[in-house]
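Some notes on the structure that comes next.
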Amino acid sequence: MRMQHVKLSGMKIQLFEFASVRPQALIRFDDMDSHWANEIVEELATLEIIQGYEDGTFRPNEPISRMHVAVLFARASS
């Protein structure tokens, strides 16, 4: 089991990855190639915890609302 740490607006989140549960193909976003969080965003998208936009982008610098953070936590815990 590998543990990944993510910092989101001052909160530290620990994500556990299980090889048997993890899908094979990573979901990639057109605007994330050189972004520092590219790897974790791809993994979270592949695990269906986060989603990008219909145009194939993630838009990592866009603001995120509390409602969206609550949805992320709910998806990550289920």
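Worth saying up front: this structure is predicted, and the values here are computed from it rather than measured.
If you chain together hydrophobic residues whose side chains sit under 4.5 Å apart, Met32 and Ile64 fall into the same group. Under the 4.5 Å side-chain contact rule for hydrophobic residues, Val71 and Leu47 do not share a cluster.
Heavy atoms from other residues, nucleotides or ligands lying under 6.0 Å from NE2 of His35 number more than 12.
Note that the CD atom of Glu42 and the CG atom of Asp33 stand 8.0 Å from one another [nearest 0.5 Å]. Atom CG of Asp31 sits about 8.0 Å away from atom CG of Asp55, to the nearest 0.5 Å. Here Asn38 contributes atom CG and Arg28 contributes atom CZ; the two are 7.0 Å apart, rounded to the nearest 0.5 Å.
The shortest non-hydrogen separation linking Arg75 to Glu48 is CD-O, 3.7 Å.
Scanning for side chain to side chain contact (heavy atoms under 4.5 Å, CB included) contacts around Ile50 gives Val41, Leu44, Ala45, Phe58, Leu72, with sequence neighbours left out.
With hydrogens and angles disregarded, a donor-acceptor distance shorter than 3.5 Å links the side chain of Thr46 to the backbone of Ile27. The closest donor-acceptor contact from the side chain of Ser77 to the backbone of Phe73 lies under 3.5 Å.
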